[in-house]
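All heavy atoms count here, side chains included; hydrogens, waters and symmetry mates do not. All chains are named by letter (A, B, ...) in the order of the sequence lines, taking the proteins before the strands, and each is independently numbered beginning at 1.
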Protein chains: 2
Amino acid sequence: MATNILITGEIKRTLDERHRLTLPTEMANAVTDEAGNTVLVKERAGCLSLWRAADWQKRLDDGIAIIEQKMSAGRMEERWSEVQRLGRLLSTRSKEIQLAKRSRVLVPEGFREFLNVKPGGEVMIVGAAICIEIWNPSNWLELLQAEMPEFSPLFKNLSG
Amino acid sequence: MATNILITGEIKRTLDERHRLTLPTEMANAVTDEAGNTVLVKERAGCLSLWRAADWQKRLDDGIAIIEQKMSAGRMEERWSEVQRLGRLLSTRSKEIQLAKRSRVLVPEGFREFLNVKPGGEVMIVGAAICIEIWNPSNWLELLQAEMPEFSPLFKNLSG
DNA sequence: ACTATTTTGGGTTGATTACCCACTTCTGAA
DNA sequence: TTCAGAAGTGGGTAATCAACCCAAAATAGT
């Protein structure tokens, strides 16, 4: 459950008929904190990510700090609505869950349309260093095609 | 019933024929104070919010403080309109209610048109950190589309 | 005061999910 | 190649909870 190890790897899995998905055990452990909690996040259309709840909290705190900083310059009246706004957006974007048997995710209602993979369909599970991402295969391909050109020269340099 | 924990979560519910709707128990507890009171507030067209009575009071007090501050600095004519505005706010914007058993809210007369959801229709219930909000689904979608673009870059920066 | 209508609380049902177990597949060692 | 253990998959079952329905209570109207 060490966090100082980067989460890596890419694997294809299928979503079962009940919207469940088994993660590679190693990855599952990496996104489960001491309390057994994980946070599921809507990243972009066709992509969800999973975080150790503790790590996510930290990221969130940083975000709040920035907003507070901005707010302190503004009027008191606006503080309330800003906090409200942040909370609201957080609610749509993320949800705390726990993995069944420590390695199976149930993709909850509301996250399903976002991922846009039908039960029985395939997803890509990708380690993204600090979290893992669950991709709709076609969105994943799209991203690769867009980003590979930048990545490729880098890769050439390293191997040359 | 701690206030230092953010209220989060997003869920779709339906309004019954009697203008009632059941909240998730956890959320219901979060907006109910020791005396069992909750305040229902007209937030904007298509959106109502629910507060622990004590928290709402605090927000009101902050608002009053600002108005007093403005008034003492401002001209006489502004006094009246501000006072008038405050009065309207107090009498029409919010109402103290209590949740029925099983965490059921009755949306009172006067708040119904504001929410603009027909009995039998659907609403989104959204945790907004310090309160929970009840949204007309189409207004909710509208807001998300408007605010998501500004929200996402903020978080992108944090992970980079 | 009695009836009709609305409001409120409580019970029921059906769908969803958590939990569990059994079967299959994969991996690595002998 | 075979075997043992781990990893992954599928599915049955029980518990949970929202939506619905109904009965009791409250309110209004005549």
Side-chain angles (χ1 to χ4, degrees), chain A residues 1 7-32 35-40 48 50 53 91 95-115 117-127 132 134-135 137, chain B residues 8-32 36-38 40 50 95-113 115 117-127 132-137:
Chain A
M1 208 159 288
I7 308 170
T8 54
E10 180 193 289
I11 193 170
K12 191 181 286 181
R13 284 284 158 89
T14 75
L15 212 63
D16 75 17
E17 295 300 323
R18 303 192 202 173
H19 302 101
R20 295 179 304 182
L21 169 66
T22 330
L23 307 172
T25 26
E26 189 186 325
M27 285 193 188
N29 291 336
V31 294
T32 303
N37 293 324
T38 302
V39 175
L40 180 67
L48 303 175
L50 288 164
S91 289
K95 175 170 192 175
E96 185 164 311
I97 60 173
Q98 56 276 355
L99 307 181
K101 210 191 86 191
R102 282 255 152 168
S103 65
R104 187 146 51 175
V105 203
L106 171 73
V107 180
E109 180 71 26
F111 289 73
R112 292 170 192 169
E113 317 85 59
F114 196 82
L115 181 59
V117 173
K118 288 188 284 287
E122 294 192 323
V123 296
M124 292 299 302
I125 300 180
V126 182
I132 73 183
I134 304 172
W135 285 86
Chain B
T8 56
E10 182 198 41
I11 195 168
K12 192 181 287 181
R13 284 288 158 91
T14 73
L15 214 63
D16 75 15
E17 296 300 324
R18 307 289 192 263
H19 303 280
R20 298 179 299 183
L21 83 92
T22 4
L23 306 173
T25 19
E26 189 188 319
M27 286 194 187
N29 292 337
V31 293
T32 303
N37 293 326
T38 302
L40 180 67
L50 288 164
K95 175 171 189 174
E96 186 162 311
I97 60 172
Q98 56 277 351
L99 306 182
K101 302 287 140 76
R102 221 99 90 326
S103 329
R104 193 154 50 177
V105 202
L106 170 71
V107 179
E109 181 68 28
F111 288 73
R112 292 170 193 170
E113 316 82 59
L115 181 59
V117 173
K118 288 188 285 284
E122 293 192 323
V123 296
M124 291 299 302
I125 300 180
V126 182
I132 74 183
E133 299 177 337
I134 304 171
W135 284 86
N136 176 314

Checklist line | Check: A:Arg102 side chain, A:Ala28 main-chain N or O, donor-acceptor pair, under 3.5 Å | finding: no
Note to self: To the nearest 10°, give me the bend of the helix from C:dA1-D:dT30 to C:dA30-D:dT1, comparing the axes of its five terminal pairs at either end.
What the structure shows: 10°
Notebook entry, point to check: Separation of A:Arg13 atom CZ from D:dG10 atom P, in whole Å?
Noted result: 11 Å
Next item on the list: Measure the distance from NZ on B:Lys12 to P on C:dA15 and round it to the nearest whole Å.
Entry: 18 Å
Notebook entry, point to check: If you round to the nearest 0.5 Å, how far is CZ of B:Arg112 from CG of B:Leu15?
Noted result: 8.5 Å
Item checked: Whether B:Thr38 side chain and B:Leu50 backbone form a donor-acceptor pair below 3.5 Å -> no
Note to self: Looking at every non-hydrogen atom in both residues, tell me the closest pair between B:Gly9 and A:Ser91 and how far apart they are.
What the structure shows: N-OG, 3.0 Å
Next item on the list: Rounded off to whole Å, could you give me the CG-to-C1' distance for the B:Leu15 and D:dC20 pair?
Entry: 14 Å
Next item on the list: Determine whether more than 12 heavy atoms belonging to other residues, nucleotides or ligands lie under 6.0 Å from atom CD of B:Glu96.
Entry: yes
Note to self: Looking at every non-hydrogen atom in both residues, tell me the closest pair between B:Trp135 and B:Val126 and how far apart they are.
What the structure shows: CD1-CG2, 3.9 Å
Next item on the list: With heavy atoms under 4.0 Å as the rule, sort A:Leu23 into base, sugar-phosphate or nothing.
Entry: sugar-phosphate
Margin query: Working note: B:Leu106 + B:His19, criterion side-chain contact (heavy atoms from CB on, under 4.5 Å); need CA distance, chi angles, decisive distance, verdict.
Written below: CA-CA 6 Å; B:Leu106 170 71; B:His19 303 280; 4.3 Å; yes
Note to self: Output the rounded distance in Å from CD1 (B:Ile11) to C1' (D:dA19).
What the structure shows: 13 Å
Could you write out each protein N or O paired with an N or O of nucleotides 16-20 of chain C at a distance under 3.5 Å?
| unit_1 | atom_1 | unit_2 | atom_2 | d |
| --- | --- | --- | --- | --- |
| C:dT17 | OP2 | A:Arg112 | NH2 | 3.2 |
| C:dA18 | N6 | A:Arg18 | NH1 | 3.3 |

Notebook entry, point to check: What is the distance from CG of B:Asp16 to P of C:dG10, rounded to the nearest Å?
Noted result: 16 Å
Check: Does D:dT9 have OP1 or OP2 sitting under 4.0 Å from an N or O in the side chain of A:Thr22?
Finding: yes
Margin query: Rounded to whole Å, please give me the gap between CD in B:Glu17 and P in D:dC22.
Written below: 13 Å
Notebook entry, point to check: Do you know the tightest heavy-atom contact between A:Thr14 and A:Gly120?
Noted result: CB-O, 4.4 Å
Item checked: Nearest-Å distance for atom pair CD/C1', residues B:Glu26 and D:dC17 -> 14 Å
Checklist line | Side-chain (A:Arg13) to main-chain (A:Thr22) donor-acceptor, under 3.5 angstrom | finding: yes
Notebook entry, point to check: Does B:Thr14 or A:Ser103 map to a spot on DNA chain D nearer the 5' end, using the closest nucleotide for each?
Noted result: A:Ser103
Check: When you check the phosphate oxygens OP1 and OP2 of D:dG8, does a side-chain N or O of A:Thr25 lie under 4.0 Å from one of them?
Finding: yes
